[in-house]
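What follows is a single structure, written as structure tokens, with notes after it.
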Protein chains: 2
Amino acid sequence: MVTIKEIAERCGVSITTVSRVLNNKGDSISEKTKERIFRVVDELNYVPNAVARSMVTKRTNNIALIVPDISNPFFADIAKGAERTCVNRGFHLFLCNSDMDKEVEKEYIRVLRKRLVDGMIITTQNTEEYDVIFEEMLEDNYPFVFIERYSDKLADVPGVFAGNMDGAYNITKHLIELGHKDIAFITGPLVTSNARYRLEGYQRALKDHDLPVNPKLIRNGNYKVAGGYRETKTLLEQNIQFSALFASNDLMAFGAYQAVKEYGLEIPEQLSIVGFDNIDMPGVIEPQVTTMDIPAYEMAVKAVTILLDLIEGRTPKESKVYYPLKLVNKGSTAPKKEVQDFA
Amino acid sequence: MVTIKEIAERCGVSITTVSRVLNNKGDSISEKTKERIFRVVDELNYVPNAVARSMVTKRTNNIALIVPDISNPFFADIAKGAERTCVNRGFHLFLCNSDMDKEVEKEYIRVLRKRLVDGMIITTQNTEEYDVIFEEMLEDNYPFVFIERYSDKLADVPGVFAGNMDGAYNITKHLIELGHKDIAFITGPLVTSNARYRLEGYQRALKDHDLPVNPKLIRNGNYKVAGGYRETKTLLEQNIQFSALFASNDLMAFGAYQAVKEYGLEIPEQLSIVGFDNIDMPGVIEPQVTTMDIPAYEMAVKAVTILLDLIEGRTPKESKVYYPLKLVNKGSTAPKKEVQDFA
DNA sequence: GTGAAAGCGCTAACAT
DNA sequence: ATGTTAGCGCTTTCAC
């Protein structure tokens with residue numbers, strides 16, 4: 001493996017000079033020397049050892065993104081936005097998938113923090129047990145940014161958030177305005193703040209329209225297809241009336257779809273389904289699910305921008321950013337009275 | 001940031017001793033000393049600086065996985081399998097998404113190789129221009145493993161491959177045996193070896209059954225939903241007869257679906273669609289697409305296993321592994337003669 | 001059972 | 001316009 005020393009020897013200069021040229025700190029170095037160095041560097045195909053560099057600069061130019069589930073297209077989008085922004089800015093991205101396992105999440109944070117990455121973008125579960133970890137990072141001035149996860153106790157951690165409460169409120173209102181009164185709801189994992197906000201938005205919309213919140217119509221899901229399927233089946237078998245179903249994310253809405261079809265009901269004639277996230281699966285579902293669009297890619301770009309500001313010692317222009325969500329109506333319909341009591 | 005030196009001072013021992021204890025090389029160190037060191041380590045919440053360690057060991061315990069498109073559930077599965085295996089073995093995974101951009105791919109390889117990662121799992125495009133890069137890595141004894149990408153010139157690079165040719169052959173045969181004679185085909189990006197193999201499998205199956213290979217029925221796609229949509233539209237507008245469509249991956253099959261429905265044809269009554277990959281999207285498509293199952297997760301586990309063997313100086317038990325594929329029949333049907341000439 | 005010292009490859013004062 | 005030197009935090013010989 002060729003080192004800076006070898007380049008220096010071949011060029012008959014000191015390693016300092018080589019280092020300077022390579023790091024663009026060579027204002028005061030003769031063109032001739034520069035040229036010579038670059039030539040030898042090319043010849044030997046030399047690339048500086050990133051580890052050695054990190055050792056002295058205390059910077060790795062790597063950041064990490066911790067996501068719960070990379071198979072979820074929503075997080076895949078986040079990952080893409082984050083990665084693109086990193087690469088554009090001379091950084092690299094450690095993409096870490098926790099599978100929603102708290103131990104994995106904490107292990108990642110612990111290990112990565114030890115100088116492997118200069119900062120992190122975090123989408124962990126953030127239950128109370130995490131507070132201690134985050135507080136420590138805060139104390140150490142270690143840069144990190146939340147995406148779509150909020151911690152009450154750490155209100156001043158920078159973050160990028162979707163307007164989940166309003167979004168859930170509005171999509172519920174949308175159903176209500178179409179005439180639906182009995183709207184079932186499948187939550188995300190309630191350990192995550194966005195799942196709680198979506199639930200609250202749903203409940204508030206019902207209350208504001210003088211509709212009862214029926215706990216039997218609310219099921220706990222997990223943001224996965226299989227969870228949506230399972231909970232929908234349970235709802236259908238409960239023998240309770242509902243004309244619409246709001247799944248807290250599109251993946252669960254897909255699962256709900258399957259369950260409803262297996263049950264022999266027509267969508268949306270007998271049951272309307274709406275989701276959340278606006279996952280990009282063009283034409284796959286027929287009819288498509290009305291949903292809330294979350295600008296995932298854009299949010300990731302913003303999160304990285306904030307993080308890099310933090311890492312490079314700048315004060316971010318905005319350190320907490322909320323993104324309003326847009327309803328994407330893909331053809332929800334009013335309930336059909338005559339078939340509503342299907343159970 | 002607490003260092004090994006601080007631990008040593010507090011314990012009244014040398015840093016060597018601390019290092020030994022922490023690295024389990026302390027056979028000859030008294031229990032008392034060990035205990036003391038561990039206590040102080042816990043107290044100060046000390047974790048060794050990974051960068052400094054790498055500097056001397058020449059190992060980072062990181063590997064990288066370069067994929068063309070993390071939004072493709074197939075690669076998300078690969079990523080999951082790779083990551084899980086890494087974590088289990090004390091490694092971490094750099095997940096790199098190239099968006100099929102050759103410059104990005106090459107930049108990743110170049111940068112990562114410089115000691116950021118101990119080895120790589122590669123799913124790049126591997127056109128000729130890559131040979132030079134790979135040859136260099138081979139020369140340097142730098143460990144890397146292919147997944148689903150093959151390079152003719154580098155036949156001895158370890159790799160994990162799906163039986164693409166046989167798979168494509170068999171799914172084509174499946175359609176032929178159902179009675180289909182005019183089978184359209186959408187390729188993947190032909191710069192990738194697996195796309196070429198799938199094309200060849202399709203062609204061979206036709207020939208073996210004395211069916212003509214009609215170039216007008218073959219369109220170049222890109223493994224993306226939008227590509228499947230676009231090429232299918234073109235096929236439909238060409239005014240050529242075909243009763244079945246084989247898309248080289250499920251994502252394109254989904255796109256084809258949309259195009260066909262928009263065109264007003266019934267699936268599978270008027271047109272059968274089959275895909276490849278067996279992407280996990282339960283219940284989303286109605287009717288579902290017959291496809292070939294590729295054991296992506298399992299393949300990733302194997303690839304990491306081989307790579308870690310290489311990194312840790314063992315000889316892998318098998319260094320080139322081919323996985324046979326299984327047809328997943330989700331309800332293909334025979335062509336309906338009377339509606340076949342739909343165009 | 002433990003320690004001293006060298007050195008990994010690089011950057012950054014501080015010279016000159 | 002360039003070189004000398006120290007040092008980043010750790011592991012690893014070699015010594016006692």
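So you know, we letter chains A, B, ... as the sequences are listed, proteins then strands, and number each from 1.
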What integer distance in Å separates [X]:[atom1] from [N]:[atom2]?
X       : N      : atom1 : atom2 : value
B:Ile29 : D:dT11 : CD1   : P     : 12 Å
B:Arg59 : D:dT12 : CZ    : C1'   : 16 Å
B:Glu9  : D:dC10 : CD    : P     : 12 Å

Note to self: Considering every strand and a 4.0 Å limit on heavy-atom distances, what is the contact class for B:Thr33: base, sugar-phosphate, or nothing?
What the structure shows: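 Sugar-phosphate: the residue B:Thr33, judged by heavy atoms under 4.0 Å, touches backbone atoms but no base.
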
At 4.0 Å (heavy atoms only), tell me whether B:Thr17 reaches a base, stays on the sugar-phosphate, or touches nothing.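 Touches sugar-phosphate only.
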
Note to self: Is there a side-chain contact between A:Ser14 and the phosphate of D:dT4, meaning an N or O under 4.0 Å from OP1 or OP2?
What the structure shows: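 Answer is no, no contact under 4.0 Å.
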
Side-chain N,O (B:Ser28) to OP1/OP2 (C:dG1) below 4.0 Å: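 Answer no for this pair, as no side-chain N or O of B:Ser28 is under 4.0 Å from OP1 or OP2.
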
message: Tell me if the centroids of the rings in A:Phe134 and A:Phe146 come within less than 6.0 Å of each other.
response: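 Centroid separation for A:Phe134 and A:Phe146: below 6.0 Å.
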
Item to check | Side-chain touch B:Ile122/B:Met137, heavy atoms, less than 4.5 angstrom | outcome: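 Yes, side chains in contact.
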
| Beyond-backbone contact of A:Val157 with A:Tyr150, side-chain heavy atoms, under 4.5 angstrom |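 A side-chain contact is absent here, since even the closest heavy-atom pair is not under 4.5 Å.
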
**Study point:** Spacing of CE belonging to B:Met299 relative to CZ belonging to B:Phe74, to within rounding of 0.5 Å
**Key:**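 The distance works out to 5.5 Å.
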
Pair A:Glu135 + A:Lys153: basic N to acidic O under 4.0 Å: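 Looking at A:Lys153 together with A:Glu135, the answer is no, because their closest N to O distance does not fall below 4.0 Å.
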
Q: Answer with yes or no whether the side chains of A:Glu105 and A:Tyr130 bring together a donor and an acceptor at under 3.5 Å.
A: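 Indeed, the side chains of A:Tyr130 and A:Glu105 share at least one donor-acceptor pair under 3.5 Å.
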
In B/S/- notation (B base, S sugar-phosphate only, - none; protein heavy atoms under 4.0 Å), nucleotides 9-16 of chain C written 5' to 3' is BBBBBB--

